[in-house]
Amino acid sequence: MAYIAACTGIWIGGWRLAHKGVEKKIKDQAEELEKARRITEQLRAIDRIKSELLKKQDLVENKLVKNKQKLEEMVKERTLALKAAKEKAEAASQAKGEFLANMSHEIRTPLNLIIGFSDIIYKEVQDEAIKEYVATIRSAGNSLLAMLNDILDLSKAESGSFPLKYAPFDLEGLLKELNQIYANTARIKGLEFSLEMEKELPSIIVLDRVRLRQILMNITGNAIKFTSSGFVKLTAGYRQFENEKRFSELFFIIEDSGIGIAPDQKKMIFERFSQQKGQDFDTYGGTGIGLSISQKIVAAMGGTIEVNSTPGNGSRFLVTIPNVKSEAGKTKPLPCDAVMAQAEGKEEILNLFPPPKCDTPMAIEKLKELLTLLREEMLGRWEYLNDVLIMGNAQSFAEEIVELGQTYGYAPLRIWGEAVSKQAKTFDMVSLPDTLKCFPNLIDQLSRLVQT
């Protein structure tokens, strides 16, 4: 019995131990299952979040695609609109230019007649009262013509079509011409006008002579206009540098002892149709576009205009133009006056300047190029000009001919152009028609030179 009881006790103890192990294993399995369930739920939650994120990504991508398409359409529409606006603006600018050119033609013709016949009447009449009236008409006509030229230049500058014609010319001669003009004007006002040319200044430079003259006349004319007593001085100088980008600098200083310019007005005086605040129009007049045009011309040449001034103590304008080539050592062109003075008849100008010798094939080819240009481009314009003589057109044509003569080194052409230009400026209706008729003979002379 004791044995059975001992065995039973051992068995019960073993069972209890086994039962505890099973319970622990069951508990561990339950915990594992709970853990697995939680992980599964978390994975399902992650899948749901991922699915939602993918949906949102799709929505965002769709929106981006739509927005991109919309932006592309907007850019395309805007580009087309800008292109249309640009074309419209260019068309308007061209129309304005054509209108101004046509109006210029229509206005210049009667103005030239008024000025020309005023000159003739002024020379013919003896009555001083009538001469005074005619002088007033002539002065008003010249003022209108100058204003018209200023407006046309401003229109060209604003449209960006402001061509510069570079060619060698006598700078010293131009400055002496300005000195002659303004010394007399200053003397009438009781002012002292002086011209100083620094020793480094070359006599011959390559630049647009007409535009440079316009700049200097605008600024110097203003200096005399706004100076009631004292002086006006024009200084010209030239510097050379050892620099490829800026190898030289041509500069002009225009100083006066006039009314001066207030600091807050220095920028405004260069704006179109603007004048210094408080300026008496009845005393000084003007359109307010001369300095604006001058600044645009200088800018087109790559230069600047600087102003230093104190109200009541005068002004100092510095015009600087970089990279101006010097033609030092070259012979100055003979003025047309010296040639025309030797000619009894206008066609003798051809004999006074015999064609230059062409000893090289290069020189002959250059003159052939000039001959082609004269025949194909200039002769037709000359025929129209010869039939319908308009002073403004004659002067413009003559200036182009002078430039061609200088560019190709053909003196007879340059001299003829200078003669026509002078006669057109002075309204010399006696000599101008005969001088104009020489143009075909010049072409024939050049043709014979090229052939021989």
Side-chain angles (χ1 to χ4, degrees), residues 19-102 151-164 243-247 262-274 277 288-289 291-307 320-323:
H19 182 70
K20 286 180 180 180
V22 171
E23 284 181 348
K24 185 179 179 183
K25 189 180 288 187
I26 292 171
K27 186 178 179 181
D28 291 340
Q29 289 179 349
E31 288 177 355
E32 289 292 330
L33 289 173
E34 180 65 22
K35 187 177 180 181
R37 185 183 66 79
R38 289 176 182 175
I39 292 172
T40 302
E41 288 179 356
Q42 290 177 354
L43 290 173
R44 288 174 180 173
I46 290 171
D47 288 338
R48 285 195 299 268
I49 293 171
K50 182 180 177 182
S51 179
E52 290 175 0
L53 288 174
L54 289 173
K55 289 179 180 179
K56 288 181 179 180
Q57 182 182 354
D58 291 339
L59 289 173
V60 170
E61 288 179 351
N62 290 333
K63 286 183 179 180
L64 285 173
V65 170
K66 290 179 180 179
N67 288 337
K68 182 183 176 183
Q69 292 174 347
K70 188 176 180 181
L71 283 172
E72 288 176 349
E73 290 175 0
M74 290 174 65
V75 169
K76 186 177 180 180
E77 290 175 2
R78 184 61 178 165
T79 303
L80 292 173
L82 287 172
K83 184 179 179 181
K86 181 185 176 185
E87 291 174 353
K88 187 177 180 181
E90 289 174 349
S93 177
Q94 184 178 356
K96 183 179 76 171
E98 291 176 357
F99 170 77
L100 287 171
N102 292 333
I151 292 172
L152 285 170
D153 284 341
L154 184 63
S155 174
K156 289 178 181 178
E158 289 183 341
S159 65
S161 58
F162 204 84
L164 295 173
N243 189 320
E244 292 183 0
K245 293 184 178 179
R246 193 181 183 94
F247 57 81
D264 61 340
Q265 301 289 304
K266 289 180 182 178
K267 289 185 179 180
M268 190 270 290
I269 61 172
F270 290 102
E271 296 177 4
R272 59 178 184 171
F273 306 113
S274 297
K277 188 177 181 181
I289 57 178
L291 286 178
S292 176
I293 292 169
S294 297
Q295 188 181 52
K296 292 181 186 298
I297 296 173
V298 172
M301 293 177 173
T304 58
I305 300 180
E306 300 175 13
V307 186
T320 306
I321 304 171
N323 300 332

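- Among residues at least two apart or in separate chains, salt bridge (Lys or Arg N to Asp or Glu O under 4.0 Å) pairs with a member in residues 32-46 are E34-R37, E34-R38, R37-E41.
- Atom CD of Q42 and atom CD1 of I49 lie 10.5 Å apart (nearest 0.5 Å).
- Remark: V298 engages I215, I305, V319 in a side-chain contact (heavy atoms from CB on, under 4.5 Å) (not counting sequence neighbours).
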Show the atom names and distances, to 0.1 Å, of all donor-acceptor pairs under 3.5 Å that link a side chain in residues 58-76 to residues at least two apart or in another chain.
from, atom 1, to, atom 2, distance (Å)
E61, OE2, Q57, NE2, 3.1
N62, ND2, D58, O, 3.0
N67, ND2, K63, O, 3.3

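- With rounding to the nearest 0.5 angstrom, the CD1 atom of I46 is 11.5 Å from the CG atom of L53.
- Using modelled atom types, no side-chain atom of S51 and backbone atom of D47 make a donor-acceptor pair closer than 3.5 Å.
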